[in-house]
2 protein chains.
Amino acid sequence: MGIIRKTQSVEVLLAEFKSTTEAVSAIALIKRLDSKLNKTTVYRVLDKLEDDGVLHSFLDKNGIKWYAKCNACTCSKHFDAHPHFQCLSCGKVDCVVIDVHIPNIPNREVVVSQVLIQGKCEDCFV
Amino acid sequence: MGIIRKTQSVEVLLAEFKSTTEAVSAIALIKRLDSKLNKTTVYRVLDKLEDDGVLHSFLDKNGIKWYAKCNACTCSKHFDAHPHFQCLSCGKVDCVVIDVHIPNIPNREVVVSQVLIQGKCEDCFV
DNA sequence: TTTGGTATTGCAACTCAGTTGTAGTAAATT
DNA sequence: AATTTACTACAACTGAGTTGCAATACCAAA
């Protein structure tokens, strides 16, 4: 289910992530690209870009989906405890370049770990 | 916004958590108690029980809300990295009694951390 | 134990992020 | 250029969670 064709939609979306390492919510992208792309297309292309390892996704504190081209992970290895930081003041989300160690748990197989840290970001931290 | 009255709805919901320390999704409760309680009531009572520190809530990998009366945390202290484990096979979620250390991040204030671990639970682990 | 204030409940209608079906369109292959 | 097939847009849908409001149940004071 990877990307097969280099379509306009794909290029438009890739351009959104080219300049920043910050995470963007799917909704924000849909609103921002409203004149260019259809909502369904945005969801489907993001999905494929994730399958292709270009982006990775996660849910924020409200269950909203965010995507990011992370600067730290190799995108073949973000099944690790890859932490994301969401600012409680401005809502901004980004990838945090720290390693959170998830210990093994007896009689369980740990496959993926998601860590969402909430607090005040660099801009909102007084 | 805590609980003021010991109503039937409150007792019915408390009973659901009395016998287990496993987490239950709001939806599961709504379906299970369909004959007894209204959907809205379930959501509202759960909300208050959380405010009162009786339950705590978190979102699973699908953005679905779960509640649990955790065995480990004091419920005045689950603002820590309190990990939850969701089984990828059976979907069951429970509280894991391990401490995941979230380091401080320069120029940021960490308020809450959520850790969701996904894998195979004790029952599904072969 | 009645009365009355008010927290709580049930219902219906709503919100809104995300999904699905489908007919039409655009990209690659020949 | 023709053909194949992936992709896109649109509209309609899904489903978890919310909101407004009238009716009801709880509690306390009389």
Side-chain angles (χ1 to χ4, degrees), chain A residues 1-17 23-68 84 86 91-93 114 116, chain B residues 1-17 23-68 84 86 91-93 114 116:
Chain A
M1 239 263 197
I3 289 189
I4 298 172
R5 295 181 184 178
K6 252 272 164 77
T7 63
Q8 286 217 339
S9 309
V10 171
E11 308 228 357
V12 167
L13 273 166
L14 279 179
E16 292 295 319
F17 290 93
V24 193
S25 69
I27 305 168
L29 284 170
I30 287 163
K31 282 189 187 140
R32 190 187 300 166
L33 302 173
D34 186 43
S35 56
K36 294 184 189 169
L37 297 179
N38 179 269
K39 179 175 73 164
T40 312
T41 306
V42 174
Y43 279 118
R44 288 204 262 235
V45 171
L46 287 174
D47 216 43
K48 284 186 192 152
L49 287 171
E50 186 176 17
D51 278 355
D52 254 34
V54 179
L55 303 177
H56 66 275
S57 76
F58 54 94
L59 301 181
D60 75 357
K61 65 187 169 88
N62 304 308
I64 296 293
K65 206 163 193 181
W66 290 67
Y67 285 87
H84 295 99
Q86 180 160 38
K92 197 175 78 176
V93 178
Q114 287 177 38
L116 181 65
Chain B
M1 240 263 198
I3 288 188
I4 298 171
R5 297 181 183 177
K6 252 269 164 79
T7 63
Q8 285 216 340
S9 309
V10 171
E11 307 228 356
V12 167
L13 274 167
L14 279 179
E16 293 295 318
F17 290 95
V24 193
S25 69
I27 305 168
L29 285 169
I30 287 163
K31 282 188 186 138
R32 191 187 301 167
L33 302 173
D34 186 42
S35 57
K36 294 183 190 169
L37 296 180
N38 180 268
K39 180 174 73 164
T40 312
T41 306
V42 174
Y43 279 119
R44 287 201 266 233
V45 171
L46 287 174
D47 215 43
K48 284 185 192 155
L49 287 170
E50 186 176 18
D51 278 355
D52 253 35
V54 179
L55 304 176
H56 66 276
S57 77
F58 54 95
L59 301 180
D60 75 357
K61 64 188 170 88
N62 304 309
I64 296 294
K65 205 163 193 181
W66 292 65
Y67 286 87
H84 295 101
Q86 180 160 37
K92 198 176 77 177
V93 179
Q114 286 176 40
L116 181 64

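Convention: sequence-line order gives letters A, B, ...; per-chain numbering from 1.
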Spacing of CG belonging to B:Leu33 relative to OG1 belonging to B:Thr41, to within rounding of 0.5 Å: 10.5 Å
Sugar-phosphate, base or nothing in reach of A:Lys36, heavy atoms under 4.0 Å: sugar-phosphate
Closest listed nucleotide, where the reference is the side chain of B:Lys65 and the choices are C:dT9, D:dG17, C:dT20: D:dG17
Listed nucleotide nearest any side-chain atom of A:Lys6, set C:dA28, C:dA27, D:dC10: C:dA28
Atom-to-atom span, CG of B:Asp47 to P of D:dA16 - whole angstrom: 18 Å
Nearest heavy atoms of A:Leu59 and B:Asp60, plus distance in Å: CD1-O, 3.9 Å
Nucleotide nearest A:Ile27 (side chain, heavy atoms from C-beta), chosen from D:dG17, C:dA17, D:dC27: C:dA17
Nearest to side-chain heavy atoms of A:Arg5, which nucleotide of D:dC7, D:dA16, C:dT19: D:dC7
Gap between atoms CG and P, on B:Leu49 and C:dT8 respectively (whole Å): 11 Å
A:Thr41 vs D:dA9: side-chain N/O to OP1/OP2 distance below 4.0 Å: yes
Length of the NZ-P vector between A:Lys48 and C:dA27, whole Å: 14 Å
First of B:Gln8 and B:Ala26 reached from the 5' end of DNA chain D, by closest nucleotide: B:Ala26
Nearest-Å distance for atom pair OH/P, residues B:Tyr43 and C:dT9: 16 Å
Given C:dA27, D:dT19, C:dT9, the nucleotide with the shortest approach to the side chain of B:Val45: C:dT9
Touch class at under 4.0 angstrom, heavy-atom based, for A:Ile64 against every strand present: sugar-phosphate
A:Leu59 CG - D:dA16 P separation (whole Å): 15 Å
Base D:dG17 to side chain B:Arg44, donor-acceptor N/O within 3.5 Å cut-off: no
Side chain of B:Ser9 - closest among C:dT9, C:dT8, D:dC7: C:dT9
Sugar-phosphate, base or nothing in reach of B:Thr7, heavy atoms under 4.0 Å: sugar-phosphate
Side chain of A:Lys39 - closest among C:dT9, C:dG18, D:dC27: C:dG18
Length of the line joining B:Asn38:CG and D:dT19:P, which is rounded to integer Å: 15 Å
Within 6.0 angstrom of A:Gln8 CD, more than 12 heavy atoms from elsewhere: no
Sub-4.5 Å side-chain heavy-atom contact between B:Arg32 and B:Val24: yes
Any side-chain heavy-atom pair of B:Phe58 and A:Leu116 under 4.5 Å: no
